[in-house]
Amino acid sequence: MFDPTSPTFLSNPYETYSQCRKDSPRVFYQPWDAWFLFTYKDCSVSLKEKRLGRAPVFDENDSVSPSAYLPVPEHHQPIYEFSRHFMLLSDPPTHTRLRSCVKKSLTPAAVESFSSVLNGIVDDLIAGVVCKPSFDFVSDFAIPFPVRVTEWMLGLPEHDREQVREWALDAIGMFEFLPTMKTLDKAAVAFTSYSEYLQKMLEQRNTGVGGDTLRIIDLLLDIEGEKEGLLSRVEVIAMLTLLTMAGHETTVNMFTNSMRALLLHPQELEKLLQRPALLENIGEETLRYDCPVQFIGRQALCDFDLELPSGTLSLKKGQQVLLAIGSANRDEEVFEESELFKIDRLDASKHLAFGMGIHYCIGAPLARLEARLAYEKLVAFLPYLELVSEPAEAIDPGRGFLFRGYQRISVKWKDSFNRPSS
Ligand code: HEM
């Protein structure tokens, strides 16, 4: 019986996924009035379906419908007020307008120009761990790397780093399916505080305080205005908030999951050392094998029959459909030996870890660049690292099942590593 809240499922969802793909590729989960889909084909067809949307669905009283994605009690108004300007939670035409404002700043060519800054961060983080006899890869690398990348892109001062990470973590809780009141309370506070903080940052930037490097924050300010096609001030703040949140936990998880997979599969690491051209594939195969975001949510925008490869699904307006992309990425109909981590898998990049269709992850080129640059340098150190214990906690117990990453990966240097003294 599929239960997305059971601790066994949360600690290792892959066995359940495999069984579901075989026996019941679509499951109606009564407590949430939601459909879960598990196969690659069903997920990809749904991601391209225009009648499945992302914005909260309203009923005739302008309230969010009971089964909609985002519940909005009065004191959580800041979340609602704010997130309605997120491209991730909007449908066309609003989505198209918001996305087109920022997409040029995040193309593969645009982010390639961040390389020297990113390389500097990687060098700095590696220098910090080589002088320690043992370290936690999560807190010493996986978390600070994306945090510092965001800090640079948004031109935020270094001394606010910890606070910004805390806000990002709290705010991202709203993306959980049916988040708890406590999660939403924290998210509401984080949204209010972070938007006030960004408001101040933008004011300082307008008056020329804050440096002259052209970063995303400046590009957004360039397209701020009241005319059609431009972003309002609240939309600029919402965009910066979304980029902070969306690029954070996801990228941290990509790093924790890739490091764990490499350390637990020494034969794959060996292949990598023999064939450095496989470096590009570390990110792709990790995103497929142990996906940082396990589910994508959609809602029916009207009553309709969704024709899926597994059969027809009759949906009511506002009903949720949860696409198990973590399962789709292990679908044996698409990926040979799908349960194995294989660094030389040729078609790994067919994964759905970045989604598909109009909401396809706009930060994918940046995440891929971060993975490539980090592993170009980390790979030389990997043969000298060993796990101190099995990585702890694939999930944060206080959270739901949306994200999958490890909270601690304790590693130590082997005796053969010539460690510089600190
Ligand atoms: C490995 C890292 C990442 C993963 C696994 C990931 C995953 C995803 C997924 C699955 C979606 C689609 C959600 C949907 O269809 O509802 C998405 C969208 C999005 N991602 Fe990422 N993401 C990553 C990194 C980033 C980064 C670094 C940024 C920011 C620079 C970012 C910004 C966004 C935004 C703004 C959207 C919404 C796009 C839209 O609605 O059109 N992501 N991401």
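Counting starts at 1 for both ligands and their atoms, in listed order.
Between atom 31 (C) of ligand 1 and the options P146, S105, C291, G363, the minimum heavy-atom separation is to G363. Of all the listed residues (L366, I325, L369), L366 holds the heavy atom that lies closest to atom 30 (C) of ligand 1.
Heavy atoms of I358 come nearer than 4.0 angstrom to ligand 1 in at least one pair. Contact annotation: R298 has at least one heavy atom less than 4.0 Å from an atom of ligand 1. For the pair H95 and ligand 1, a heavy-atom separation below 4.0 Å is found.
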Exercise. What's the verdict on side chain to side chain contact (heavy atoms under 4.5 Å, CB included) for Y40 and E332, showing C-alpha distance, side-chain angles and the deciding distance?
Worked result: CA-CA 9 Å; Y40 187 96; E332 37 289 283; over 6 Å; no

Exercise. Checking side chain to side chain contact (heavy atoms under 4.5 Å, CB included) for the pair F36/C20: CA distance, chi angles, key distance, verdict?
Worked result: CA-CA 10 Å; F36 280 82; C20 286; over 6 Å; no

For this session: Please report the C-alpha distance between E280 and R372 in whole Å, then the side-chain angles of each, then the deciding distance to 0.1 Å, and finally whether the salt bridge (Lys or Arg N to Asp or Glu O under 4.0 Å) criterion is met.
Result: CA-CA 6 Å; E280 296 267 356; R372 174 163 61 83; 3.7 Å; yes

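Using bins of under 30°, 30° to 60° and over 60° for the plane-to-plane angle, the ring pair F295/F9 lands in the tilted bin. The aromatic rings of F145 and F141 lie tilted to each other, with the angle between the two planes from 30° to 60°.
Of the protein's non-hydrogen atoms, the one nearest atom 13 (C) of ligand 1 is L88 CD1, 3.7 Å. Residue, atom and distance of the protein heavy atom nearest to atom 3 (C) of ligand 1 are T250 CB, 3.4 Å. For atom 34 (C) of ligand 1, the closest non-hydrogen atom of the protein is I362 CG2, 3.6 Å. Given atom 33 (C) of ligand 1, the protein heavy atom at minimum distance is A246 CB, 3.6 Å. Nearest non-hydrogen protein atom to atom 21 (Fe) of ligand 1 is C361 SG, 2.3 Å. Ranking the protein heavy atoms by distance from atom 26 (C) of ligand 1 puts G247 CA, 3.3 Å first. The nearest heavy-atom contact from the protein to atom 40 (O) of ligand 1 is H359 ND1, 2.6 Å. For atom 5 (C) of ligand 1, the closest non-hydrogen atom of the protein is A353 O, 3.7 Å.
Close approach to M254 involves these atoms of ligand 1, each under 4.0 Å from a residue heavy atom: 1 (C). For ligand 1, the atoms lying closer than 4.0 Å to a non-hydrogen atom of I296 are 10 (C), 14 (C), 15 (O), 16 (O). For ligand 1, the atoms sitting less than 4.0 Å from at least one non-hydrogen atom of A367 are 1 (C), 2 (C), numbered in the order shown with element in parentheses. Of all atoms in ligand 1, numbered sequentially from 1 with element shown, those under 4.0 Å from a heavy atom of G355 are 10 (C). Counting atoms of ligand 1 from 1 in the listed order, those under 4.0 Å from a heavy atom of L242 are 35 (C). The R54 neighbourhood of ligand 1 comprises atoms 16 (O), with distances under 4.0 Å to a heavy atom of that residue.
For the pair R99 and ligand 1, the shortest N or O to N or O distance falls below 3.5 Å.
Cation-pi geometry between R330 and Y17 is not met at under 6.0 angstrom from the ring centre and within 45 degrees of the axis. Annotation: cation-pi geometry not satisfied between R26 and F38 (NZ/CZ under 6.0 angstrom from ring centroid, within 45° of ring axis).
For the pair N281/L346, no side-chain contact is recorded, criterion being any heavy-atom separation below 4.5 Å from C-beta on.
Applying the 6.0 Å contact sphere to CD of Q19 captures no more than 12 heavy atoms from other residues, nucleotides or ligands. Around CD of E15, the count of heavy atoms belonging to other residues, nucleotides or ligands within 6.0 Å does not exceed 12.
A donor atom on one side chain and an acceptor atom on the other are found under 3.5 Å apart for D305 and S314.
Annotation: the span from E235 atom CD to T94 atom OG1 amounts to 8.5 Å, rounded to 0.5 Å.
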